[in-house]
2 protein chains.
Amino acid sequence: MDIRELARHLGLSIGTVSRALNDRKDVSPATRQRVVEAAAKHGYIPNQSGRTLRSGRTGTVGFMLTLEHDSAIHGDPFFMALLEGLQNGLSEHDLDLVVLLARKGEDALTFLRRHVSRGTVDGWVLSGTQHDDPRIPFLLDRTIPFVALGRTAIARDYAWIDLDFEGVMGDAMTLLTEAGHRRIGLVAPPATINNSHIVVRCYRDALVSAGIPFDPALVHHGETDESDGEATASELMAMPDRPTALLLMGETAPVGAYRALRRLGLEPGRDVAVIGLRDNPACRALSPDLTCFSLDLGDLGLALARGLVATLPGHTKDTEPPVQTLWDMTLRLGQSHKVER
Amino acid sequence: MDIRELARHLGLSIGTVSRALNDRKDVSPATRQRVVEAAAKHGYIPNQSGRTLRSGRTGTVGFMLTLEHDSAIHGDPFFMALLEGLQNGLSEHDLDLVVLLARKGEDALTFLRRHVSRGTVDGWVLSGTQHDDPRIPFLLDRTIPFVALGRTAIARDYAWIDLDFEGVMGDAMTLLTEAGHRRIGLVAPPATINNSHIVVRCYRDALVSAGIPFDPALVHHGETDESDGEATASELMAMPDRPTALLLMGETAPVGAYRALRRLGLEPGRDVAVIGLRDNPACRALSPDLTCFSLDLGDLGLALARGLVATLPGHTKDTEPPVQTLWDMTLRLGQSHKVER
DNA sequence: GCGATGGCCGTAAACGTTTACGGGTATCGG
DNA sequence: CCGATACCCGTAAACGTTTACGGCCATCGC
């Protein structure tokens, strides 16, 4: 069922049918309704390739997911919940969401370039932003709409939303330093990820204002998953003057850390203070309750959707500046940080 | 940069350029190489819409994700790990994977129909198969390639892979009945999901062969998530003659069940036996260790990719029957089932 | 030397839309 | 009654590919 066949059924030209279905003004209300009803009756749905080829618009936005740091994905419930909010936000503007997975080992920029010149989507949501992410200038230079989940070190104006790591680190570090901890182990994301820099900077700032010397041996960069959390926690606790507290900025890293501690005969929340990043299901399963931070991923997805839509041509006022938001996370006190010193 | 411009650079016709890039035979090796090199040099990548419009092929397969049962997705690490394997399997055949999220509240068949007539992908991976899933006959009747993750009650020949719930339930039930349990609470997936029927059937079969009467009050249908696990566990334990064992066929349901039990002053693995479905990160965080089942999601994704590719035109031998595989899950004994009766 | 064969390549017609453009009819003001 | 103005609608040219078809040239066998 083409537009041609539908037009023949209606005794109209395909041009008129197209205009009627696309809500353009050059068509009388009567025929518009007739066309819409006939389309529904015959189950006509425009072919996307033809439409895109001519108009250049696809009606979809892409969420780019790279499996490079697979621990950030593998078993990571963060994105799934986020995608739901994103889809809801996009639905309001009749946009579809497609998640594009970079092929194993494929470079992120190559992947993006491929899909951009293919013209698969109208706009992008970028995640896992690197410190100096080449995707940002690439898209900016071509004026392709996008919103980034995560800041970068790039000093150009674009839309982004990032978690408030400053707030998180501030809350966590005051909690620990005020409890008397002076040796605090930090597990930060991989050094290429931009968050990693922010986390370490805040860590040092907090130490300075508490008058505690900075020991680089206490800072590890690792993936966000369980097994890496276990490995790095083991290493940190094997130090001669081992830390009395652990700060784990990874999704399921605390699960591994608990296991590592117990293997050494140490109980989280009694012998060692532990603070995690997000209260995902895995962390909620821990006992004693993990002290960590929470956020509404559905809302975050919605905000990303709005931020992106504002950059799309047609939808935008063209004047307002791009969204640049630090997303609050609220501290959830559990038992795991309560270690008297 | 289109094919026309590239052809002009080379002094060739666009037809020849197209044939060279698509590895067709009607072109000399010398010019083929010349074309490929020029394309690489100028960064030419064929426009997907034009290509699809003419050839009908997209080079992508779609993974359909419905947010209907959002608890099956929300915070569910199952799919993320699966997608990685799927992408790896598809890469071997130069296929891209796109994940298509049904809009909130949109009917699954409507969603599928929309994307099929749009022609967004060459083939489909269906998940969350219903007992009588209308998507199956829809795709079969149109001879659109697909593979289903999950069986249905539909007696037609198509490619599917499903978890071996028969094996899982058999192992779990013998473990419990041989330990003397006679009142076993079951939390099965929502009744519309096909797995739910299988699980309940196996549950009854196991009871019969152990000579235990079937009590429908012990069977609950719920989502697979934490909060639902907590709610149903609470309900089951509030019964006058409450169960001595819980069997939870949901991803993170055991996390909620642990919490519910402890609120009642009951310790999993000591007062009540608990068995879960899969050893995801959340379940691995539980203490005492949850007795449950494990599988390699990467391998499963690969198998799905192969199963789908075999149904795609061109790749297939056309003769071999579609894959129909029960995927083994191996029992991982923890501490949570050890309750002496 | 000539017809046949096969390897390469150019030509042009699709694929299904959107959209600029122009034309036809009715309405309206004068 | 006439010209101008809207309002609709049809026409046709794109958009970027793929691919059936035909043609040219060289090679080959006789």
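Because only heavy atoms are used, hydrogens play no part in the values below, and waters and symmetry mates are left out as well, while side chains stay in. The chains referred to below are lettered A, B, ... by the order of the sequence lines, with proteins before strands, and numbering in each begins at 1.
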Exercise for the section: Identify which nucleotide among dT19(C), dT18(D), dG10(D) has an atom closest to any side-chain atom of T16(A), counting heavy atoms from C-beta outward. Expected result: dG10(D)
Handout entry: Pair T129(A)-N194(A), side-chain donor/acceptor within less than 3.5 Å
Key = no
Completion exercise
DNA chain D nearest-nucleotide lookup for I14(A) and M1(B): closer to the 5′ end is I14(A)
Completion exercise
Between CG of L21(A) and P of dG16(C) the distance, given in whole Å, is 16 Å
Handout entry: Closest nucleotide among dG10(D), dT19(C), dT17(D) to the S13(A) side chain
Key = dG10(D)
For residues 132-139 of chain B, which side-chain donor-acceptor pairs fall under 3.5 Å, sequence neighbours excluded?
{"residue": "D133(B)", "atom": "OD1", "partner": "R135(B)", "partner atom": "N", "Å": "3.0"}
{"residue": "D133(B)", "atom": "OD1", "partner": "R135(B)", "partner atom": "NE", "Å": "2.9"}
{"residue": "D133(B)", "atom": "OD2", "partner": "Q130(B)", "partner atom": "N", "Å": "2.9"}
{"residue": "D133(B)", "atom": "OD2", "partner": "R135(B)", "partner atom": "NE", "Å": "3.4"}
{"residue": "D133(B)", "atom": "OD2", "partner": "R135(B)", "partner atom": "NH2", "Å": "2.9"}
{"residue": "R135(B)", "atom": "NH2", "partner": "S127(B)", "partner atom": "O", "Å": "3.1"}

Handout entry: Whole-Å distance separating the CZ atom of R118(B) from the P atom of dG16(C)
Key = 17 Å
For nucleotides 5-8 of chain D, print each protein N/O atom paired with a nucleotide N/O atom at under 3.5 Å, atom names and distance only.
none

Handout entry: Close approaches to DNA chain C from residues 39-56 of chain B, in residue order (heavy atom, under 4.0 Å)
Key = L53(B), R54(B)
Handout entry: Sugar-phosphate, base or nothing in reach of R19(A), heavy atoms under 4.0 Å
Key = base
Exercise for the section: Report which part of the nucleic acid R57(B) touches: base, sugar-phosphate, or nothing (heavy-atom distance under 4.0 Å, all strands). Expected result: sugar-phosphate
Handout entry: Separation of dT18(C) P from D23(A) CG (nearest whole Å)
Key = 12 Å
Exercise for the section: Go through dG10(C), dT18(C), dG16(C) for me and flag the one nearest to the D2(A) side chain. Expected result: dG16(C)
Practice task
Give one of base, sugar-phosphate or nothing for G11(A), where a contact means two heavy atoms less than 4.0 Å apart.
Solution key: sugar-phosphate
